[in-house]
Amino acid sequence: MVFVLDKTASRLEREGLWFGYVLLVGVTGGMAAVIVSVSTVLYTTLVWFIGDANSSESSIHFRDVPSAAGVACACAISWWYHRATIREEDMKGRTEAERIYEYLMAGLGLLATAAGVAIVVIAVLEGVTNSTIIVENGSNNTLLAAATLLLVGSPIWWIYWRRIQASVINFPEIEHASPTRRIYLFILLALVG
């Protein structure tokens, strides 16, 4: 079904609906699935070597890893394909679609990083109260979940935020006037406040 939509969408005119599909479904959906899948693989591995595993048998503990790795690969290819499609449109210079793409990727990375920080707080609470709030087997595994999200989300946020800041430094008037930047910062400030 998605292939049929994508094949049909590739022939559509490059206007708002097309960009909405490519940016939201292809790029953002692909990267979100990659983040979740890679986090699953990394978390499972960290729990096996450092944390408190539920099972002493590796086949039981790692049973979800092959499917998560497969999803990560497939969604990374989908993300790359849709990103390349956007890049074809950006040959004329920096467009609003490029800005939206960068802010979406920075937002996904920041969301994963913020979740990691929140889970660190929860791990501390679990350790202090000696209870289980998120992850079974105690605060050690909860801390590993936080570390996983920080390890996966922080680099994504940093790469895209650095690109955005370089554009702001090089073209401050254009970038500060961008509605995409304003919306991103408004949402960020609204969530923090």
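Everything numeric here is computed off the predicted structure, so don't read it as measured data.
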Undergrad: Any chain of hydrophobic side-chain contacts (each under 4.5 Å) joining L111 to L104?
TA: no

Undergrad: Which atoms form the tightest heavy-atom contact between V41 and V65, and what is the distance?
TA: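 Scanning both residues completely, I find the closest heavy atoms to be CG2-O, 4.0 Å.
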
Undergrad: Would Y43 and W48 count as a ring-ring contact (aromatic ring centres under 6.0 Å, His included) here? Give the steps.
TA: CA-CA 9 Å; Y43 173 74; W48 180 256; over 10 Å; no

Undergrad: In the structure I gave you, are the side-chain heavy atoms of L149 and T113 within less than 4.5 Å of one another anywhere?
TA: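 No - every pair of side-chain heavy atoms lies 4.5 Å or more apart.
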
Undergrad: Can you find a heavy atom in the side chain of L150 that is under 4.5 Å from one in the side chain of V120?
TA: yes

Undergrad: Same cluster or not: are L23 and I77 linked, directly or through other Ile, Leu, Val, Met, Phe, Trp or Tyr residues, by side-chain heavy atoms under 4.5 angstrom apart?
TA: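 No, it is not one cluster - the side chains of L23 and I77 are not joined through contacts under 4.5 Å.
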
Undergrad: Do V22 and R83 make a side-chain contact, defined as non-hydrogen atoms from C-beta onward lying under 4.5 Å apart?
TA: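 No, too far: nothing below the 4.5 Å cut-off.
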
Undergrad: Could you report the tightest heavy-atom contact between T129 and L125, atom names first, then the distance?
TA: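 Reported closest heavy-atom pair: OG1-O, 2.7 Å.
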
Undergrad: Is it the case that the side chain of H61 and the backbone of T44 share a donor-acceptor pair, with hydrogens and angles ignored and the cut-off at 3.5 Å?
TA: yes

Undergrad: Which other residues end up in the same hydrophobic cluster as I174, if Ile, Leu, Val, Met, Phe, Trp and Tyr are linked when side-chain heavy atoms come under 4.5 Å apart?
TA: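 Besides I174, the cluster holds F171.
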
Undergrad: Considering non-hydrogen atoms only, spot the tightest contact between S37 and A68 and give its length.
TA: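 Taking every non-hydrogen atom into account, CB-O, 3.2 Å.
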
Undergrad: For a 4.5 angstrom cut-off between non-hydrogen side-chain atoms, does E175 reach I169?
TA: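 No; the side chains remain at least 4.5 Å from each other.
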
Undergrad: Hey, mind stepping through I164 and R181 against side chain to side chain contact (heavy atoms under 4.5 Å, CB included) and telling me if it holds?
TA: CA-CA 9 Å; I164 291 165; R181 180 176 178 84; 3.7 Å; yes

Undergrad: Taking all atoms of both residues into account, what is the closest heavy-atom pair of G26 and S78, and its distance?
TA: O-OG, 4.0 Å

Undergrad: For I60, is there any backbone N or O sitting under 3.5 Å from a side-chain donor or acceptor partner on R63?
TA: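 Here the side-chain-to-backbone pair exists.
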
Undergrad: Hey, are the side chains of L24 and F19 touching, using non-hydrogen atoms and a 4.5 Å cut-off?
TA: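 Side-chain contact under 4.5 Å: no.
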
Undergrad: For Y160 and Y101: C-alpha separation, side-chain torsions, deciding distance, then whether side chain to side chain donor-acceptor pair (under 3.5 Å) applies.
TA: CA-CA 9 Å; Y160 288 99; Y101 164 75; 2.6 Å; yes

Undergrad: If hydrophobic clusters are built by linking Ile, Leu, Val, Met, Phe, Trp and Tyr wherever their side-chain heavy atoms come under 4.5 Å apart, do V25 and V36 end up in the same one?
TA: no

Undergrad: So, are R99 and E102 salt-bridged, with charged N and O less than 4.0 Å apart?
TA: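 E102 and R99: not salt-bridged.
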
Undergrad: Verify, without hydrogens or angle tests, whether S67 (side chain) and D64 (backbone) share a donor-acceptor contact under 3.5 angstrom.
TA: yes

Undergrad: Applying side chain to side chain contact (heavy atoms under 4.5 Å, CB included) to Y21 and H82, what does each step give before you reach the verdict?
TA: CA-CA 10 Å; Y21 168 77; H82 288 94; 4.2 Å; yes

Undergrad: Among T28, V27, I35, find the one that has a side-chain contact (heavy atoms from CB on, under 4.5 Å) with M31.
TA: I35

Undergrad: Do the side chains of L191 and I183 join up, straight or via other hydrophobic residues, at under 4.5 Å, putting them in one cluster?
TA: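 Yes; I183 is reachable from L191 via cluster members.
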
Undergrad: Is atom CH2 of W161 surrounded by more than 12 heavy atoms (other residues, nucleotides or ligands) closer than 6.0 Å?
TA: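 Count over threshold, so yes.
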
Undergrad: Is there a continuous path of hydrophobic side-chain contacts, each under 4.5 Å between heavy atoms, that joins L108 to V38?
TA: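 Yes; tracing contacts between hydrophobic side chains, which count when under 4.5 Å, links both residues.
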
Undergrad: Less than 4.5 Å apart, any side-chain heavy atom of V47 and any of D52?
TA: no

